[in-house]
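The block underneath contains the structure these notes are about, expressed in structure tokens.
Counting starts at 1 for both ligands and their atoms, in listed order. Positions are given from 1, in the same order as the sequence printed here.
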Amino acid sequence: MPTPSPRPCPSCNKAMQVHALPAQYGGTVEIDFCFGCHGLWFDHQENIKLAPAAVATVFKEIHRHRDATHQPLAATLRCAECGERLVQGFDLVRSGRFITHRCEQRHGRFSSFASFMIEKGFVRQLTKPEIADIAAKVGCIHCSSCGAPVDLRKEDACSHCRSPLSLLDPQAVEKALQQYAHAPASAPAAWTTPNQVADAIVAMARESSRLERESPRAAFGRAGTGVLYVDLISVSLGLLSSLWDD
Ligand SMILES: [Zn+2]
Ligand SMILES: [Zn+2]
Ligand SMILES: [Zn+2]
């Protein structure tokens, strides 16, 4: 169970929740979560100490807090330790490009949930035909990395941070869970095709406008722009929910 962290979230400044996760060579590593900002704080080098099993816990925690209102990141992020401005950079791994926010005093770094999943190899990039398919159903989504809106009819990557459009890769997730955690014996074979993700977004948009009609203040996950605030990685995480429910 996570406990409140004494440290503030680099983006919203509210107290984060600290979770002790298994480390590679025994012991635990304490990671701070902000579920409202979809962000994780790692002290210097903590991230590489995480045992593979820890990744399954991170997925579960993210899924458990799926109803938390997702807010975009602040323009300026501050170190959870010293309060200095974090410096944005990019890292490249096989499964894509992701944003990192580091403290120059080497106190640590802030990662979005999406960046963490890209870094750990749990996402795959969409192909152009897949993007065209989703665009036919859903015009605009939000970038999983930076939260900027992406018009799928015109763009095949985020024009703000240039992250490619990605989905959680079910095979990679399944493999990790079976190896390190308690995956169901027979996981569904072909979940999270881009089509399913597009359908899920359409359903969410319908639900959102229904809620808005009934009670404008309670509308789902909106960032105050009138646009549904969803991103492909969060939606695909939701579609894999049978894996995270205990
Ligand atoms: Zn926050
Ligand atoms: Zn610092
Ligand atoms: Zn972006």
message: Go through it in stages, so that I can follow the logic: the residues are Arg78 and Arg85, the test is side-chain contact (heavy atoms from CB on, under 4.5 Å), and I'd like the CA-CA distance, side-chain angles, deciding distance and then a yes or no.
response: CA-CA 4 Å; Arg78 304 207 167 270; Arg85 199 170 188 276; 4.1 Å; yes
query: Going through the checks in order, is the side-chain contact (heavy atoms from CB on, under 4.5 Å) test met by Arg124 and Phe122?
result: CA-CA 7 Å; Arg124 69 169 181 86; Phe122 287 106; over 6 Å; no
message: Applying side-chain contact (heavy atoms from CB on, under 4.5 Å) to Leu40 and Glu61, what does each step give before you reach the verdict?
response: CA-CA 11 Å; Leu40 299 163; Glu61 283 305 308; over 6 Å; no
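Shown are the protein N/O/S atoms under 2.8 Å from the Zn ion (ligand 3), given by residue and atom: Cys143 SG, Cys146 SG, Cys158 SG, Cys161 SG.
Residues Val123 and Asp169 form no side-chain contact, since every pair of their non-hydrogen atoms from C-beta on lies 4.5 Å or further apart. With a 4.5 Å cut-off on side-chain heavy atoms, Cys82 and Cys103 count as touching.
The backbone N or O of Leu168 sits less than 3.5 Å from a side-chain atom of Ser236, completing a donor-acceptor pair. Side-chain atoms of Ser163 never come within 3.5 Å of backbone atoms of Phe98 as a donor-acceptor pair (strictly under, hydrogens ignored).
Shown here are the salt bridge (charged side-chain N to carboxylate O under 4.0 Å, His left out) partners of Asp151, two or more places apart in sequence or in another chain: Arg153, Lys154.
Tested against Ile31 for a side chain to side chain contact (heavy atoms under 4.5 Å, CB included), the candidates Asp43, Leu50, Thr57 yield a single pass: Leu50. Of the candidates Glu46, Glu119, Glu81, Glu104, Glu119 is the only one forming a salt bridge (Lys or Arg N to Asp or Glu O under 4.0 Å) with Arg109.
Here the CD1-CG distance, from Ile134 to Leu152, works out to 7.0 Å after rounding to the nearest 0.5 Å. With rounding to the nearest 0.5 Å, the separation of NE2 in His19 from CD in Glu30 is 11.0 Å.
Ile99 and Phe42 are not part of a single hydrophobic cluster, where members link through side-chain heavy atoms under 4.5 Å apart.
For the Zn ion (ligand 2), the tally of protein N/O/S atoms lying closer than 2.8 Å stands at 4. Of all protein atoms, those that are N, O or S and lie under 2.8 Å from the Zn ion (ligand 1) total 4.
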